[in-house]
Amino acid sequence: MRTGVTGFQSGRLLQARLCRGLTQVALSTMVGKSSGTISKWEKGSQAPESDALDRLASCLGIPASWFLKKIPVYGNQVCFFRSTATITKEAQSIAQIRLEWLNELSIAIQHWIDWPIVNIPSIEKTDHRNISDTEIEQMASNVRKEWKLGLGPISDVVLALENAGVICVREELGFTKMDGASRWFNTDHRPYVFLAADKANGVRNRFDAAHELGHLVLHKSVNNLEFFKRYQELERQAHLFAGAFLLPGESFAAEVMQPNLDTFITLKPRWKISVAAMIVRCRQLGIIDDEYTTRLWKNYSARGWRKGEPLDDEIDFEPIRLLPRAVDLLISEGGLTKETVLSALELGPSDCEKLCGLSSGYFSQPSSASPLHMLRLKSANKQREICGFDNNKKSADIVQFRTKP
């Protein structure tokens with residue numbers, strides 16, 4: 001007979017343990033229970049007593065009530081990982097769970113906030129093996145046209161994604177070989193992007209964001225078996241998309257009159273793209289041949305740029321805007337307290353702050369009103385319904401979004 005706290009969700013414990021990078025043995029030591037007991041809790045054959053659940057919650061930094069919340073049906077879409085070949089399963093698990101939790105926070109916020117409508121053009125072919133490089137170049141151009149980005153440098157890639165309805169987060173994952181992840185979710189039919197900040201700089205992070213966009217555009221129908229079987233080709237296609245999206249052939253080629261390292265360094269502040277990416281793009285466009293490309297890479301290595309290029313530190317990370325502004329909007333314009341918002345999000349304050357792009361200690365600081373733009377509060381009628389108030393107001397509050405941070 002199953003004993004312990006009624007309603008305990010074993011899958012939540014597995015999520016929390018993996019997200020914290022703990023083994024069953026390590027967690028058992030922290031909680032003061034055997035690893036076999038932890039295993040039974042995770043399998044659902046046994047549930048912790050209330051005092052053990054409190055210890056679990058304390059050790060994992062998650063409210064006890066979170067372990068009683070059913071896990072949503074996220075869907076079976078692939079979680080794409082932007083990483084090197086040596087990435088560990090632990091890093092993949094953490095990135096995927098962070099995206100899942102981000103999705104749940106987003107769903108909670110959507111009770112009050114209308115996110116931008118999803119506008120991600122997708123390729124019609126269901127088999128990625130039938131997608132040609134020419135079609136990838138065309139899709140990158142189509143996305144630019146759809147988003148009205150023109151042919152010049154994109155001033156803010158993350159902002160472009162958020163304006164298209166993509167929910168983004170950037171945080172340190174704890175693994176320097178993991179660059180990012182992305183996934184479509186069935187819960188709200190919306191894409192989510194995780195950008196790792198462990199070793200990246202602003203230039204690299206822009207490319208990572210464009211790379212994840214490539215997966216969202218090109219590989220929406222790919223299943224998990226295809227992803228792991230054809231990982232290298234899927235990554236190559238996403239790389240090509242990112243290069244074409246950030247450096248359109250027509251406009252970029254016109255500026256590369258002399259394709260050498262000094263020219264690329266001069267163009268770097270304008271396009272906010274690494275010299276390495278420009279070398280690759282020039283070869284893709286046929287501006288340089290294999291022999292000259294090899295010479296450029298040798299010169300690149302001789303200058304010591306493989307460890308870091310000039311100007312890397314002068315191009316800042318693009319800020320995450322949507323989630324932090326949404327939380328601030330609920331408090332400054334929605335009439336909610338930080339305690340109410342945190343309770344609705346259900347996770348602990350540290351996780352909520354990191355996933356929502358808020359400053360450390362945000363939920364423990366006094367509230368302060370600040371003007372926000374681009375986000376739309378749901379009708380006051382709906383808000384009062386959710387908060388348990390009388391429905392006596394039918395107007396809606398609109399807050400315009402700023403175009404610059």
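Everything numeric here is computed off the predicted structure, so don't read it as measured data.
Atom CD1 in I167 sits 5.0 Å away from atom CG in L322 (nearest 0.5 Å). To the nearest 0.5 Å, atom CG of residue L105 and atom NZ of residue K354 are 13.5 Å apart. Taking CG of L27 as the start and CG of L60 as the end, the distance is 5.5 Å to the nearest 0.5 Å. Atom CD1 of residue I109 and atom CG of residue L345 lie 5.5 Å apart, to the nearest 0.5 angstrom. Taken to the nearest 0.5 Å, the CG atom of L355 stands 11.0 Å off from the CG atom of N103. The OH atom of Y362 sits 9.5 Å away from atom SG of C356, with the distance rounded to the nearest 0.5 Å.
Between E137 and L240 the shortest side-chain heavy-atom distance falls below 4.5 Å. No side-chain heavy atom of C352 sits under 4.5 Å from any side-chain heavy atom of L358. Contact check for I113 versus L330: side-chain heavy atoms found under the 4.5 Å cut-off. Residues K40 and S10 have side chains not in contact (no heavy-atom distance under 4.5 Å, counting atoms from C-beta outward). Within the 4.5 Å cutoff, the side chain of W101 has heavy atoms near those of the I62 side chain. Side-chain contact between I120 and P191: present, with at least one pair of heavy atoms (C-beta onward) separated by less than 4.5 Å. In this structure, the side chains of F81 and S182 stay at 4.5 Å or more apart for every pair of heavy atoms. Side-chain contact between Q77 and K220 is absent, with no heavy-atom pair separated by less than 4.5 Å.
Salt-bridge check for R170 with E162: failed, with every basic side-chain N at 4.0 Å or more from each acidic carboxylate O. In summary, R321 and D156 engage in a salt bridge, as defined by a charged side-chain N under 4.0 Å from a carboxylate O. Of the charged side-chain nitrogens involved, at least one lies within less than 4.0 Å of a carboxylate oxygen, so that R236 and E233 count as a salt-bridged pair.
Across all non-hydrogen atoms, the minimal contact from A181 to C79 is CB-SG, 4.2 Å. Of all the heavy atoms in F8 and A47, the pair that sits closest is CB-CB, 3.9 Å. Of all heavy-atom pairs between T37 and Q46, the closest is CG2-NE2, 4.0 Å. The nearest pair of heavy atoms linking D54 to A64 is OD1-CB, 4.1 Å. Of all heavy-atom pairs spanning K268 and P310, the tightest one is NZ-O, 2.8 Å. In terms of heavy atoms, L342 sits closest to P349 at CD1-CA, 3.8 Å.
Within the 3.5 Å criterion, the main-chain N or O of V25 finds a donor-acceptor partner in the side chain of S28. Between the side chain of E353 and the backbone N or O of G361, at least one donor-acceptor pair lies under 3.5 Å. S343 contributes no side-chain N or O that, together with a main-chain N or O of E339, makes up a donor-acceptor pair within less than 3.5 Å. In this structure, the side chain of E135 engages the main chain of S132 through a donor-acceptor pair within 3.5 Å. Proximity of a side-chain donor or acceptor of Q9 to a complementary backbone N or O of G7 within less than 3.5 Å is detected. A donor-acceptor pair under 3.5 Å is formed between the side chain of D312 and the backbone N or O of E309. Between the side chain of S93 and the backbone N or O of K89, at least one donor-acceptor pair lies under 3.5 Å. A donor-acceptor distance shorter than 3.5 angstrom exists from the side chain of R144 to the backbone of G150, with no hydrogens or angles considered. Remark: side-chain polar atoms of R306 are not paired, donor with acceptor, to backbone N or O of Y300 under 3.5 angstrom.
Between the side chains of Y74 and Q96, no donor N or O sits under 3.5 Å from an acceptor N or O. Using a 3.5 Å distance cut-off with no hydrogens or angles, the side chains of S106 and Q110 do pair a donor with an acceptor.
A side chain to side chain contact (heavy atoms under 4.5 Å, CB included) with C168 is found for exactly one of L323, L159, I320, namely I320. When each of E235, R183, Q237 is paired with H215, the side-chain hydrogen bond (donor to acceptor under 3.5 Å, both in side chains) condition holds for E235 and for no other.
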Identify every side-chain donor-acceptor pair in residues 272-279 under 3.5 Å, counting partners at least two apart or on other chains, and give the distances.
from: K272; atom 1: NZ; to: S155; atom 2: O; distance (Å): 3.1
from: S274; atom 1: OG; to: A277; atom 2: N; distance (Å): 3.0

Which donor-acceptor pairs under 3.5 Å do the side chains of residues 241-260 make with protein atoms, sequence neighbours left out?
from: S251; atom 1: OG; to: L151; atom 2: O; distance (Å): 2.5
from: E255; atom 1: OE1; to: R270; atom 2: NE; distance (Å): 3.0
from: E255; atom 1: OE1; to: W271; atom 2: NE1; distance (Å): 3.0
from: E255; atom 1: OE2; to: R270; atom 2: NE; distance (Å): 3.0
from: E255; atom 1: OE2; to: R270; atom 2: NH2; distance (Å): 2.7
from: N260; atom 1: OD1; to: D262; atom 2: N; distance (Å): 3.2
from: N260; atom 1: OD1; to: T263; atom 2: N; distance (Å): 2.8
from: N260; atom 1: OD1; to: T263; atom 2: OG1; distance (Å): 3.0

Step-by-step side chain to side chain contact (heavy atoms under 4.5 Å, CB included) determination, L99 to F185: CA-CA 10 Å; L99 278 180; F185 281 85; 4.2 Å; yes

Step by step, work out the side chain to side chain contact (heavy atoms under 4.5 Å, CB included) result for F264 and C282. CA-CA 10 Å; F264 295 146; C282 283; 3.7 Å; yes

V193/L195 under side chain to side chain contact (heavy atoms under 4.5 Å, CB included): CA gap, chis, key distance, verdict: CA-CA 6 Å; V193 167; L195 298 172; 3.8 Å; yes

Steps toward salt bridge (Lys or Arg N to Asp or Glu O under 4.0 Å) verdict (D351, R98): CA-CA 9 Å; D351 283 309; R98 297 305 281 178; 2.8 Å; yes

Please walk me through it: do F80 and L216 pass side chain to side chain contact (heavy atoms under 4.5 Å, CB included)? CA-CA 9 Å; F80 295 99; L216 298 177; 5.7 Å; no

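Because its NZ or CZ atom is not both nearer than 6.0 Å to the ring centre of Y192 and within 45° of the ring axis, R190 does not count as a cation-pi partner of that residue.
In this structure, K229 places its NZ atom where only 12 or fewer heavy-atom neighbours from other residues, nucleotides or ligands lie under 6.0 Å away. Open room surrounds CG on D313; 12 or fewer heavy atoms of other groups in view lie less than 6.0 Å from it.
Taking the six-membered ring for Trp and the full ring otherwise, W305 and W297 have centroids separated by 6.0 Å or more. Ring-centre distance between H239 and F207: below the 6.0 Å cut-off.
With sequence neighbours left out, the side-chain hydrogen bond (donor to acceptor under 3.5 Å, both in side chains) criterion links D316 to no other residue. Looking at residues two or more places apart in sequence or on another chain, you find a side-chain hydrogen bond (donor to acceptor under 3.5 Å, both in side chains) between E146 and N119. Residues passing the ring-ring contact (aromatic ring centres under 6.0 Å, His included) test with F67, sequence neighbours excluded: none. Residues that satisfy the side-chain hydrogen bond (donor to acceptor under 3.5 Å, both in side chains) test with R206, not counting sequence neighbours, are E318.
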